[in-house]
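Take a look at the following structure, please.
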Amino acid sequence: MNNKYDTILIATKNKGKIKEFENMFKSFNINIKTLYNYDLPEIEETGNSFFENALIKAKAGYDISNLPTISDDSGLEVEALNWKPGIHSARFGKRSFNDQDRMFYLLEKLKGKKNRNARFKTSLVFYNGENQINKFEGIWKGIILKEPIGNNGFGYDPIFYDENLKLSAAQLSPDEKKLVSHRGKALKLFFEKFKSMI
Ligand code: ITT
């Protein structure tokens with residue numbers, strides 16, 4: 001496919017997200033760069049919403065690369081925790097925590113709670129300079145399991161259960177996850193728009 005976007009920056013350092021983006025872009029003839037290609041200090045996510053943080057990351061990525069940039073700010077909202085951790089999902093608990101520690105910290109917080117309702121949310125921003133900001137959003141509803149199941153995906157996937165599929169997010173293949181996930185839905189909307197731009 002000939003198009004004017006031969007290279008796009010995905011403004012992230014999250015390896016789980018990068019895999020999902022690469023999977024979505026594989027049928028397009030577009031080179032993908034990530035923040036691993038640039039020497040950029042950690043971007044401070046000072047926004048009050050997924051969209052604000054996504055825009056901060058997209059602008060920072062565009063400024064350093066001068067490339068059309070996609071960013072994703074996402075997180076898990078849990079009803080019994082007043083819909084937290086939300087925009088703080090990547091920093092839930094202690095700063096030293098890894099993905100697995102955060103998952104067990106969340107399970108600990110939900111111990112004994114009957115209401116396990118949760119949802120993943122993504123705000124995806126495509127930024128190509130001041131006057132070109134496009135926003136795409138996705139939600140994935142599910143419940144939080146009592147213990148992790150499955151080895152795929154990243155982050156909170158092993159404890160997030162899709163009641164329709166009767167599987168945890170970590171039991172889904174990348175192709176299955178993209179059909180139902182918050183990021184998959186936002187990316188589908190992005191590609192619908194993108195096809196008309198290339
Ligand atoms: P970047 O800012 O570099 O993109 P990050 O991990 O800090 O990476 P976010 O600020 O958007 O990204 O935080 C999202 C967190 O929400 C992520 O670290 C996971 O813990 C969780 N999360 C988001 N999408 C997820 C998914 O599809 N599966 C499991 N956990 C997810």
Side-chain angles (χ1 to χ4, degrees), residues 1 3 5 8-35 45 49-55 57-58 61 68-79 83 85-87 89-90 99 102-103 106 116-127 133-145 148-198:
M1 191 184 297
N3 64 70
Y5 298 107
I8 283 185
L9 174 75
I10 315 288
T12 184
K13 281 198 161 182
N14 178 316
K15 292 183 176 150
K17 286 186 190 177
I18 291 172
K19 269 196 198 160
E20 292 188 7
F21 278 110
E22 283 174 345
N23 182 277
M24 294 292 284
F25 270 95
K26 68 187 174 197
S27 56
F28 290 82
N29 190 17
I30 290 172
N31 299 313
I32 297 290
K33 290 201 169 177
T34 72
L35 292 182
E45 297 181 23
S49 64
F50 292 114
F51 171 66
E52 283 178 17
N53 282 336
L55 191 56
K57 290 189 260 190
T69 298
I70 294 184
S71 70
D72 157 303
D73 198 64
S74 47
L76 180 65
E77 297 183 334
V78 180
E79 187 169 20
W83 301 110
I87 59 169
S89 296
D99 274 6
R102 274 188 287 275
M103 201 166 66
L106 177 63
R116 317 285 297 185
N117 295 337
R119 59 196 181 207
F120 274 122
K121 278 191 182 170
T122 287
S123 180
L124 196 130
V125 165
F126 179 70
Y127 185 82
I133 301 171
N134 291 282
K135 164 174 103 168
F136 309 90
E137 298 191 314
I139 296 187
W140 186 14
K141 291 186 181 165
I143 57 170
I144 303 298
L145 292 167
I149 306 179
N151 299 310
N152 299 332
F154 69 98
Y156 299 93
D157 279 343
I159 56 169
F160 184 85
Y161 185 78
D162 183 309
E163 292 182 287
N164 296 320
L165 299 175
K166 302 198 183 332
L167 291 169
S168 83
Q171 289 177 296
L172 302 179
S173 69
D175 284 340
E176 289 166 335
K177 185 179 171 189
K178 79 180 178 198
L179 292 178
V180 290
S181 78
H182 50 315
R183 186 166 303 99
K185 287 172 192 157
L187 272 165
K188 184 164 182 276
L189 296 174
F190 162 75
F191 280 112
E192 279 163 15
K193 170 89 183 162
F194 188 62
K195 281 179 193 154
S196 70
M197 292 158 67
I198 56 182

Partners meeting side chain to side chain donor-acceptor pair (under 3.5 Å) with Asn14 (sequence neighbours left out): none
Sequence-distant partners of Glu22, side chain to side chain donor-acceptor pair (under 3.5 Å), two or more places apart: none
Flag, side chain of Lys185 to backbone of Val180, donor-acceptor distance under 3.5 Å: yes
Inter-residue atom distance Ile144.CD1 - Glu79.CD, 0.5 Å rounding: 11.5 Å
Rounded distance [0.5 Å steps], CD in Glu137 versus OG1 in Thr122: 9.0 Å
Tyr156 backbone acceptor or donor facing Arg102 side chain under 3.5 Å: no
From CA spacing to verdict: side chain to side chain contact (heavy atoms under 4.5 Å, CB included), Met103, Phe160: CA-CA 10 Å; Met103 201 166 66; Phe160 184 85; over 6 Å; no
Pairwise side-chain contact, Thr34 with Phe21, heavy-atom cut-off 4.5 Å (strictly under): no
Partners passing side-chain contact (heavy atoms from CB on, under 4.5 Å) against Lys13 (at least two apart in sequence or in another chain): Leu35, Tyr36
Heavy-atom side-chain proximity of Ile8 to Phe28 below 4.5 angstrom: no
Closest heavy-atom pair and its distance - Gly184, Ser181: N-OG, 2.9 Å
Residues that Phe154 engages under ring pair (Phe, Tyr, Trp, His ring centres under 6.0 Å), provided they are two or more places apart: none
Show the atom names and distances, to 0.1 Å, of all donor-acceptor pairs under 3.5 Å that link a side chain in residues 165-176 to residues at least two apart or in another chain.
from   : atom 1 : to     : atom 2 : distance (Å)
Lys166 : NZ     : Glu163 : O      : 3.4
Ser168 : OG     : Ile149 : O      : 2.6
Ser168 : OG     : Ala170 : N      : 3.2
Ser168 : OG     : Gln171 : N      : 3.3
Gln171 : OE1    : Ser168 : N      : 2.8
Ser173 : OG     : Glu176 : N      : 3.1
Ser173 : OG     : Glu176 : OE1    : 3.4
Asp175 : OD1    : Lys178 : NZ     : 3.4
Glu176 : OE1    : Ser173 : N      : 2.8

Side-chain heavy-atom pair Asp157, Lys177 within 4.5 angstrom cut-off: yes
CZ on Arg116 to CD1 on Ile159, rounded to 0.5 Å: 8.5 Å
Kindly list each side-chain donor-acceptor pair under 3.5 angstrom involving residues 68-76, sequence neighbours excluded, with atom names and distances?
from  : atom 1 : to     : atom 2 : distance (Å)
Thr69 : OG1    : Tyr62  : N      : 3.4
Thr69 : OG1    : Leu67  : O      : 2.7
Ser71 : OG     : Ala54  : O      : 2.5
Asp72 : OD1    : Lys17  : NZ     : 2.8
Asp72 : OD1    : Ser74  : OG     : 2.8
Asp72 : OD2    : Arg183 : NE     : 2.7
Asp73 : OD1    : Lys57  : NZ     : 2.8
Ser74 : OG     : Arg183 : NH2    : 3.1

Side chain to side chain donor-acceptor pair (under 3.5 Å) involving Tyr127 - partner list, sequence neighbours excluded: Glu130
side-chain contact (heavy atoms from CB on, under 4.5 Å) against Lys193, all qualifying residues, sequence neighbours excluded: Asn134, Phe136, Met197
For Asn152, side chain to side chain donor-acceptor pair (under 3.5 Å) partners two or more places apart: none
Set of residues satisfying side-chain contact (heavy atoms from CB on, under 4.5 Å) with respect to Lys121, sequence neighbours excluded: Phe50, Glu77, Arg119, Ile139
Worked verdict on Leu189 versus Glu192 for side chain to side chain contact (heavy atoms under 4.5 Å, CB included): CA-CA 5 Å; Leu189 296 174; Glu192 279 163 15; 3.9 Å; yes
Test ring pair (Phe, Tyr, Trp, His ring centres under 6.0 Å) applied to Phe126 - qualifying residues, sequence neighbours left out: Tyr5, Phe190
